[in-house]
There are 2 protein chains.
Amino acid sequence: MELTKDKSRHHHGNLHAALVEAGIEILRSSGLDALSLRKCAALAGVSHAAPAHHFGNLEGLKWAIAEEAFARFSEFMRTHAAASDDTAHGRLLGICRGYLAFARAEPALYEMIFCLQRKEPESKRDASTSYGILRDTCAPFVPPGTDPVIIETQVWSLVHGFALLELHGRLGDTPPPDDAILALLRHIGQEPA
Amino acid sequence: MELTKDKSRHHHGNLHAALVEAGIEILRSSGLDALSLRKCAALAGVSHAAPAHHFGNLEGLKWAIAEEAFARFSEFMRTHAAASDDTAHGRLLGICRGYLAFARAEPALYEMIFCLQRKEPESKRDASTSYGILRDTCAPFVPPGTDPVIIETQVWSLVHGFALLELHGRLGDTPPPDDAILALLRHIGQEPA
DNA sequence: ATCGAATCTTTACAGTGTAAACTTGACACC
DNA sequence: GGTGTCAAGTTTACACTGTAAAGATTCGAT
């Protein structure tokens, strides 16, 4: 059960990472509702109060896990964008494909991310996160004088909706949502500046 | 604190409704995370185990509250649809406006609904619910040979995305999303059959 | 070598969901 | 009217949770 435990008794070494990894493990095997400070501690082989000392409270642990999840999410999108045509349209389609691929590959982490984002403070949305990637990729499609957030929301929520459909298995034999995404891109309109 | 308590000791009368109302009250005042069986029981003035006897478990209580929330949600959309032009476009725009109005008027209930929907079984999506309204309103826009769920998702997730933006206050002075919804309708395309 | 600070453990407590047994009231039936 | 039956709430009990507080241990700088 225990993941890593070198130094004797106190001073684990990098408990932070071990606890996050334990949390991801629990998410994958038992889902979001099963995640608890005490289970993480047990899986990492430390006392039940150790996580609170590191992350403050349960919310803090969740955010730490989400940070890791966001990093992997971003990586997914970057690789898919790189595998697409090197045009503004191609890159945007690429991150959308990456988005869906991540939701398929890591449903537990995906759920965690999007259950937490509803209380996410603005401060967490800097350029290094997936929001930054989205913003950069959408930028060429934002008409002058329009709030970029309008365009970003159209792309993001559309892909999110399709991801939920897929996770619920309601997208059985219907064609992949490339069509819908491409249609959205056409609708968003003009060529990049 | 107590809402209703007529019959002495046992046999409340309609504890079911009283507990749902208490739950809504808690949601509105303290948010989703504060909702618990025991607090509902206390607010309704019954013993702490009574809710479980009625709803099975916490999940059951949440679904019961969500059912009521969905009813009010549907009502919102129906009235807004009735206040719009009596065309296919008008009705669709109307339910989108109703959607946003509900999210603004009842953020707690809105959050409850959309945190629960991720585990919603297909069986709950019958015609009497808001999904039925959405399906009917979208029907004229579904091209022949296309899975209706594709179109419904485009509308639903777009409006949902804007609702989240608004709840987070990120839609400050930008024009109301009528524009975006209208653009989506144009993109969805052809006139109703 | 010592002192302070960081790291984890121990102990403790209130709140939670939930199962089980018990009590009360309502209602049909004779 | 007495009686049995059943549903609705209550009581009791327990395991699990987050979290605060205080103690033990190790690291690192001085």
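Throughout, protein chains are lettered first and strands after them, A, B, ... in sequence-line order, and every chain is numbered starting at 1.
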Which part of the nucleic acid does A/Ala52 contact within heavy-atom distance under 4.0 Å: base, sugar-phosphate only, or nothing?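 The residue A/Ala52 makes no contact with any strand.
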5'-most contact on DNA chain C: B/Asn57 or A/His16, nearest heavy atom basis?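 Result of the comparison: A/His16.
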Looking only at the side chain of [X] (C-beta and beyond, no hydrogens), which of the listed nucleotides [options] gets closest?
X       : options                : answer
A/His11 : D/dG18, D/dC27, C/dT10 : D/dC27
A/Ser36 : D/dG18, D/dA8, D/dT10  : D/dG18
A/Arg38 : D/dT17, D/dT26, C/dT18 : D/dT17

Can you find a pair of side-chain heavy atoms, one from A/Trp156 and one from A/Thr153, that are under 4.5 Å apart?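 Sidechains of A/Thr153 and A/Trp156: no contact.
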Using whole Å, report how far [atom1] of [X] lies from [atom2] of [N].
X       : N      : atom1 : atom2 : value
A/Lys62 : D/dT17 : NZ    : P     : 13 Å
A/Ile26 : D/dC16 : CD1   : C1'   : 14 Å
B/Asn14 : D/dA7  : CG    : P     : 19 Å
A/His10 : C/dG4  : NE2   : C1'   : 16 Å
A/Glu59 : D/dT19 : CD    : C1'   : 14 Å
B/His54 : C/dG17 : NE2   : C1'   : 18 Å
B/Leu58 : C/dT18 : CG    : P     : 6 Å
B/Leu37 : D/dG9  : CG    : P     : 15 Å

OP1, OP2 of [N] versus side-chain N and O of [X]: anything below 4.0 Å?
X       : N      : answer
A/Lys39 : D/dT17 : yes
B/Arg9  : D/dT11 : yes
B/His53 : D/dA7  : no
A/Ser47 : C/dT10 : no

Do NZ/NE/NH1/NH2 and the carboxylate oxygens of B/Glu75 and B/Arg78 come within less than 4.0 Å?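 A salt bridge links B/Glu75 with B/Arg78.
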In this structure, is the centre-to-centre distance between the rings of B/Phe76 and B/Tyr110 below 6.0 Å?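 Between B/Tyr110 and B/Phe76, the centre distance exceeds or equals 6.0 Å.
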If you take the centroid of each ring, where Trp contributes its six-membered ring, are B/His80 and B/Phe102 closer together than 6.0 Å?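 That pair fails the under 6.0 Å test.
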5'-most contact on DNA chain D: A/Leu35 or B/Leu15, nearest heavy atom basis?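 It is B/Leu15, whose closest nucleotide lies nearer the 5' terminus.
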Is there a donor N/O on one and an acceptor N/O on the other, under 3.5 Å, for the side chain of A/His48 and the base of C/dT10?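 In this structure, the two groups form no donor-acceptor pair.
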Backbone of A/Gly60 reached by a side-chain donor or acceptor of A/Asn57 within 3.5 Å: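 Between the backbone of A/Gly60 and the side chain of A/Asn57 there is a qualifying donor-acceptor contact (under 3.5 Å).
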